[in-house]
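Fair warning: this is a prediction, and the values are worked out from it, not measured in the lab. Both counts, for ligands and for their atoms, begin at 1 and track the order of listing. Sequential numbering from 1 along the given sequence is applied to the chain's residues.
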Amino acid sequence: MRIILPQNVKMIIERLRSAGHDCYAVGGCVRDCLRGLEPHDWDLTTSATPDETQAIFSDLKTVDIGKRYGTVAVIIDGKPYEITTYRSDGDYSDSRHPDEVIFTGDLRDDLSRRDFTVNAMAYNDEKGLIDCFGGIDDLKNGVIRCVGEPDKRFTEDALRILRALRFASVLGFSIEPETSRAILKLRDRLKEIAPERIQTELLKLLCGDNAGFILRRYRTVIAVFIPELVGTFDFDQNNKHHNRDVYRHIVASVQNIDPDPVLRMTMLLHDIGKPLTETKDRKGVSHYHNHPTVGAAMSAEILKRLRYPAAFTSEVCTLITNHDIRFKPDTVALKRYLSVFGVECMLKLCKIQRADLLAQSMYKREEKLSNNTAVTDELNRITESGECYDLRMLAVNGSDLIHMGVGSGKMIGDILGELLEKVITGELNNDREALLEEAQSILQTKSDD
Ligand code: ATP
Ligand code: MG
């Protein structure tokens, strides 16, 4: 089995070897190469200690990533290569960190501390592929399997529970039965894991091709850190627009949208407010008025708790709040929405609504789909045409009004808003002279009031 190593990686391995140490590419990069993919970064493992590594690369920039854990990065052509000393981890008393790490001269020790067999392979040109735990077979068969005893490995570091789901989702692999049983049994230990570690794994999981299956099969694991989802499990929607319970609808909608972190997270949380807002009409049919607002408030809490960046949280919550607006392919109405939300947000809302409706029953499916297509087409037409829908596109601005003698900021905003509305409705062209004249007349009316 041969892997084509990049020149810089070969150079690192060669230099360490000349100094009397072993060095291998290891982990994710080996796994990705064997799957025929280009790795996004290259990690190396070596028998040299961090100090020895730094000395060997003293002519290059090195960064102490965590020398205590054995990791030094060497920067070549502006790109970091992480080099970690072979290590085995001591006991874990907190489900998170090893109490101590022991540097060892043995590659096998290092491979045995790694999480899954497919992530526990090493390679260099001299020794070829080192696969002590059956990683190559598991890769061929599409299996995520713990290195060693699953109960022990998940107890040591509970994040591995979520990493198993992440790799199964991204790689489209199944989870080996013993590993799967231990995941379900030990899931509560995820409570001990820092939210920062959970949030990155969760986004990767959500963006995987196989996210739908994993979210369904392991819903109780996801509920450990998003317990708000439990209310949606098996919650009958009792409405002809739906043929799935709320959680199954959520999962289908996640699977229906582009693998983009904001969009996938929005789908995961978009209907989380439904169980709390259910009302029944006289015919016994359920409705969920206000569920977008309630859901957005719940999502803000959830995303804050998981420490997502404020901008991410705010975008997801805006999309959830507005996911149920009934847009029509009407130019004037869409321009008004564009002036409030902007193009990017409007196009995302269209994608969200499409993913949402494709996860609903067939009731009025064709009608909903063709409306969604018409709205999207009209939004694209408006934005490509250069027609004005936004204050920033108006042929006059605040300084023109100041020039005209308008003093108050509020008055400037009001007048510009009125002008924009007239341009959007077609009452006025977006023409500077005409707008200035209209501004004068609005000003006159306002000062007469
Ligand atoms: P990605 O493509 O997402 O970077 P990766 O496999 O490289 O995937 P990393 O999180 O970058 O994943 O970790 C690098 C390697 O370190 C893994 O392949 C695995 O061997 C090991 N590893 C990472 N996290 C853990 C953990 N929590 N427990 C045990 N081994 C781990
Ligand atoms: Mg990696």
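Under 4.0 Å is where a charged nitrogen must lie from a carboxylate oxygen, and between E301 and R305 no such pair does. Between D245 and R248, at least one side-chain N (NZ, or NE/NH1/NH2) sits under 4.0 Å from a carboxylate O, which counts as a salt bridge. Between D125 and K127 there is no salt bridge, since none of the side-chain N atoms of the basic residue sits less than 4.0 Å from a carboxylate O of the acidic one. Under a 4.0 Å N-O distance rule, the pair R181/D151 qualifies as a salt bridge.
For atom 19 (C) of ligand 1, the closest non-hydrogen atom of the protein is D115 OD1, 3.5 Å. If you check which protein heavy atom lies closest to atom 3 (O) of ligand 1, you get R166 NH1, 2.8 Å. In terms of protein heavy-atom proximity, atom 20 (O) of ligand 1 is nearest to N119 O, 2.9 Å. The protein heavy-atom contact nearest to atom 11 (O) of ligand 1 is D43 OD2, 4.5 Å.
Taking each of R31, R113, R163, E82 in turn, the one with a heavy atom nearest to atom 10 (O) of ligand 1 proves to be R163. Between the choices R197, E156, R114, the shortest heavy-atom distance to atom 16 (O) of ligand 1 belongs to R114.
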inquiry  = For R354 and N256: C-alpha separation, side-chain torsions, deciding distance, then whether side chain to side chain contact (heavy atoms under 4.5 Å, CB included) applies.
reply    = CA-CA 8 Å; R354 195 172 189 86; N256 286 341; over 6 Å; no
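Not one N or O of R153 is nearer than 3.5 Å to an N or O of ligand 1, by distance alone. Close N/O approach between E201 and ligand 1 is not found [any backbone or side-chain N/O within under 3.5 Å]. The shortest N or O to N or O distance between H40 and ligand 1 is under 3.5 Å. Of the polar atoms of D41, none of the N or O atoms is found under 3.5 Å from an N or O of ligand 1, judged by distance alone. For G28, a nitrogen or oxygen atom sits less than 3.5 Å from a nitrogen or oxygen atom of ligand 1, counting backbone and side chain alike.
Heavy-atom proximity to K204, at under 4.0 Å, picks out these atoms of ligand 1: 3 (O). Within ligand 1, the atoms closer than 4.0 Å to a non-hydrogen atom of G27 are 18 (O), numbered from 1 in the order shown. For ligand 1, the atoms closer than 4.0 angstrom to any heavy atom of R160 are 26 (C), 27 (N), 28 (N), 29 (C).
Proximity of F167 to ligand 1 is established by a heavy-atom distance of less than 4.0 Å. The closest approach between a heavy atom of D157 and any atom of ligand 1 is below 4.0 Å.
Taking the ring centroids of H287 and H241, they lie at or beyond the 6.0 Å cut-off.
Judged by distance alone, the side chains of N119 and R114 never bring a donor and an acceptor atom under 3.5 Å apart. With hydrogens and angles left out, the side-chain atoms of Y288 and N290 include no donor and acceptor closer than 3.5 Å.
Using modelled atom types, no side-chain atom of D22 and backbone atom of T46 make a donor-acceptor pair closer than 3.5 Å. Checked by atom type and distance alone, the side chain of T383 pairs as donor or acceptor with a backbone atom of L379 at under 3.5 Å.
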